[in-house]
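One is the number of the first residue; the rest follow in order along the sequence. Values below: all heavy atoms of this structure, side chains included; hydrogens, waters and symmetry mates excluded. Counting convention: from 1, in listed order, for ligands and their atoms alike.
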Amino acid sequence: MEKLLIIDDDKGIQKQLKWSLSDYEVILADDRESAVAAVRRHEPKVITLDLGLPPDEANASEGLAALDEILAIAPHTKVIVITGNDDRSNALKAITAGAYDFYQKPIDSDVINVIVSRAFSLAIIEEENRRMRSVAGSDIGIIGNSESIDRLRTMIKRIAPTEITALILGESGTGKEVTASAVHLASGRKKKPFVAINCASIPENLLESELFGFEKGAFTGAHRTTKGKIECAEGGTLFLDEIGDMPFSLQAKLLRFLQEKKIERLGGRQEISVDVRVVCATNQNLEEMVAEKTFREDLYYRVSEITLNIPPLRDRDEDVLILAQYFLQRYALDYKRNIKGFSDDALSAIKSHRWPGNIRELQNKVKSSVIMAPGTQVNAIDLGFFDHVDQGIELSLNLRQVREEAETIAIQKAYALSEGNMSKAAELLGVARPTLYSLIEKYGLPINIE
Ligand SMILES: Nc1ncnc2c1ncn2[C@@H]1O[C@H](COP(=O)(O)OP(=O)(O)OP(=O)(O)O)[C@@H](O)[C@H]1O
Ligand SMILES: [Mg+2]
């Protein structure tokens, strides 16, 4: 049985709540001090809190202070605030302070049960999410637990201390640059610069001076001697992204730098020795380019002493969930949004999507959902997966199922449209708030009230 803490100084209400909420192991407290002690001792996932606690029964100061203290020691606890029937402003204060929901007296056994049971479901899902997240961290910035990512991490750590030149291959958005930077971070060069240059995004005539630098007067406009990216990476790592787009005319010069570790600036007469580790990436087929003679064979062998293949996200099993959780946590912090996790429909949409844009696509979707989600949970609609939710209707011919699915979608859409305001959502749907609560409960919808 889950533990539920009821904080109320009114013995009558205590009794009534205890009787209504008989599915739980109820712990009782009647003031701030005993409540905080009970939180420490029993660690309940869900608490009901009467705001009018002694010595300030008529106001909410003591209740709000208790709320603060509880959330300070147990921030994940779902606190349902119970207020007098016309005390909306304190209820809202409590929600702003981090309470999960509020409930206005008088106590209705059915409604309070729905609210409490939803709070428990949510607390349990969130706990699970946090547990998953804790395994996701990584020292070199590569997140994921799948076998293929484990293998990649092992390879990175193995090649990092060597001078071997690695060629990173993978679809767009799979983490080629992240991998290059991981090679740098795992090497003895990590305190020196990591410099990235994208050969595809710099016009051909500028690429040479970008890479090799130039002397004053080397060409019109060369007002002063300028170091190129190679020199800027001295002691560190140079990441040549989209190496397949390196103009043929520059390839010989690049090869010379790779072999002799010496460069000459444009317009310069003297050779400069450089100590730079090179990592390359491309999503072009270099072998084909070699066959077509658009990429020098000797350069190809020189840059691909070892090849790292980054698998697409759809082939990385549970990584997609781990990464999604990671981005959610990160953007919730960045954008100061009180978002705790994903709903079940969001998780299943994330799992079934093919992710053609790989991690970058996932990252963008999670980022905008964190900014846009009205509640404290991100659901499939927030992620832009309307189709995922809608599809069921066409597939099913069972009337009850069709109705249930349609209701589920309508509720979620109303919830999104009303920006999480439950009274508004109920109004949109043409039902009373308690009816909406029981539908949410019936379908187990992971919807929050704010
Ligand atoms: N394993 C990972 N853990 C955490 N974040 C990742 C991981 N892989 C990629 N990312 C993030 O995903 C985004 C895309 O990664 P990256 O830029 O390295 O991909 P790419 O393969 O270079 O893409 P493109 O081919 O489009 O240049 C980045 O914001 C990066 O931080
Ligand atoms: Mg890239």
Side-chain angles (χ1 to χ4, degrees), residues 129 132-157 159-160 165-186 190 194-202 207 210-211 229 233 237-246 278-286 289 303-304 306-335 342 350 353-371 383:
N129 287 349
M132 273 179 47
R133 226 179 280 146
S134 63
V135 296
S138 154
D139 48 344
I140 48 173
I142 296 202
I143 290 169
N145 270 349
S146 60
E147 251 184 83
S148 49
I149 285 302
D150 262 352
R151 234 177 294 130
L152 178 69
R153 252 196 301 263
T154 310
M155 264 175 103
I156 289 172
K157 289 191 174 152
I159 64 171
T165 308
L167 176 65
I168 303 171
L169 302 176
E171 286 177 18
S172 178
T174 45
K176 294 187 293 295
E177 181 150 359
V178 168
T179 304
S181 126
V183 170
H184 174 72
L185 289 175
K190 75 171 177 201
F194 173 79
V195 177
I197 183 165
N198 186 330
C199 306
S201 69
I202 296 173
L207 189 57
E210 273 292 308
L211 275 173
K229 296 274 188 195
T237 307
L238 176 72
F239 174 47
L240 290 173
D241 202 357
E242 306 295 357
I243 180 97
D245 288 82
M246 174 77 59
V278 173
V279 179
C280 303
T282 182
N283 61 51
Q284 304 207 42
N285 186 333
L286 289 188
M289 292 180 70
V303 297
S304 62
I306 197 158
T307 308
L308 301 178
N309 280 295
I310 320 284
L313 186 55
R314 60 185 165 279
D315 294 343
R316 293 196 212 169
D317 315 317
E318 77 283 3
D319 277 2
V320 65
L321 292 183
I322 293 174
L323 282 157
Q325 301 287 5
Y326 164 78
F327 289 132
L328 180 125
Q329 195 185 25
R330 183 170 127 195
Y331 290 123
L333 253 169
D334 284 2
Y335 295 104
F342 294 100
I350 290 171
H353 187 59
R354 297 281 297 159
W355 300 108
N358 293 295
I359 301 183
R360 184 173 296 109
E361 182 189 2
L362 175 69
Q363 186 173 4
N364 291 342
K365 277 210 158 69
V366 174
K367 184 175 174 180
S368 60
S369 74
V370 165
I371 296 171
L383 285 163

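The distance criterion of under 3.5 Å between nitrogen or oxygen atoms is met by K176 with respect to ligand 1. Looking at E177 next to ligand 1, an N or O pair under 3.5 Å apart turns up. For the pair S172 and ligand 1, the shortest N or O to N or O distance falls below 3.5 Å. Considering backbone and side-chain atoms alike, R360 places an N or O below 3.5 Å from some N or O of ligand 1. Taking only nitrogen or oxygen atoms, main chain and side chain alike, F327 does not reach within less than 3.5 Å of ligand 1.
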Going through the distances and angles, do L167 and I243 end up as a side-chain contact (heavy atoms from CB on, under 4.5 Å)?
CA-CA 9 Å; L167 176 65; I243 180 97; 4.1 Å; yes
Please lay out, stage by stage, how L207 and M246 fare under the test side-chain contact (heavy atoms from CB on, under 4.5 Å).
CA-CA 8 Å; L207 189 57; M246 174 77 59; 4.0 Å; yes
Using side-chain contact (heavy atoms from CB on, under 4.5 Å), reason through I202 and I197 one step at a time and then give a plain yes or no.
CA-CA 9 Å; I202 296 173; I197 183 165; 3.6 Å; yes
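Nearest residue to atom 30 (C) of ligand 1 from L152, I149, V178 is V178 (criterion: closest heavy atom). Scanning R316, Q363, R330, R153 for the heavy atom closest to atom 29 (O) of ligand 1 points to Q363.
N358 places no side-chain N or O within donor-acceptor distance of the main-chain N or O of P312, the cut-off being under 3.5 Å.
With no hydrogens or angles considered, a side-chain donor-acceptor pair links D319 and S146 at under 3.5 Å.
If you number the atoms of ligand 1 from 1 as listed, the ones under 4.0 Å from a heavy atom of I142 come out as 1 (N). Using a 4.0 Å cut-off to heavy atoms of G175, the atoms of ligand 1 that qualify are 8 (N), 9 (C), 15 (O), 16 (P), 18 (O), 19 (O), 20 (P), 21 (O).
By the 4.5 Å heavy-atom criterion applied to side chains, I142 and I156 are counted as neighbours. In this structure, the side chains of R330 and L333 stay at 4.5 Å or more apart for every pair of heavy atoms.
Of all protein heavy atoms, the one lying nearest to atom 2 (C) of ligand 1 is I143 N, 3.6 Å. Nearest non-hydrogen protein atom to atom 10 (N) of ligand 1 is I359 CG2, 3.5 Å.
Proximity of L323 to ligand 1, defined as any heavy-atom pair under 4.0 Å, is confined to the side chain (atoms from C-beta onward).
Relative orientation of the F194 and F239 rings is parallel, given thresholds of 30° and 60° on the angle between their planes. Below 30°, between 30° and 60°, or above 60°: for F327 and Y331 the angle between ring planes is below 30°, a parallel geometry.
Using 4.0 Å as the threshold, G173 has a heavy atom nearer than that to some atom of ligand 1.
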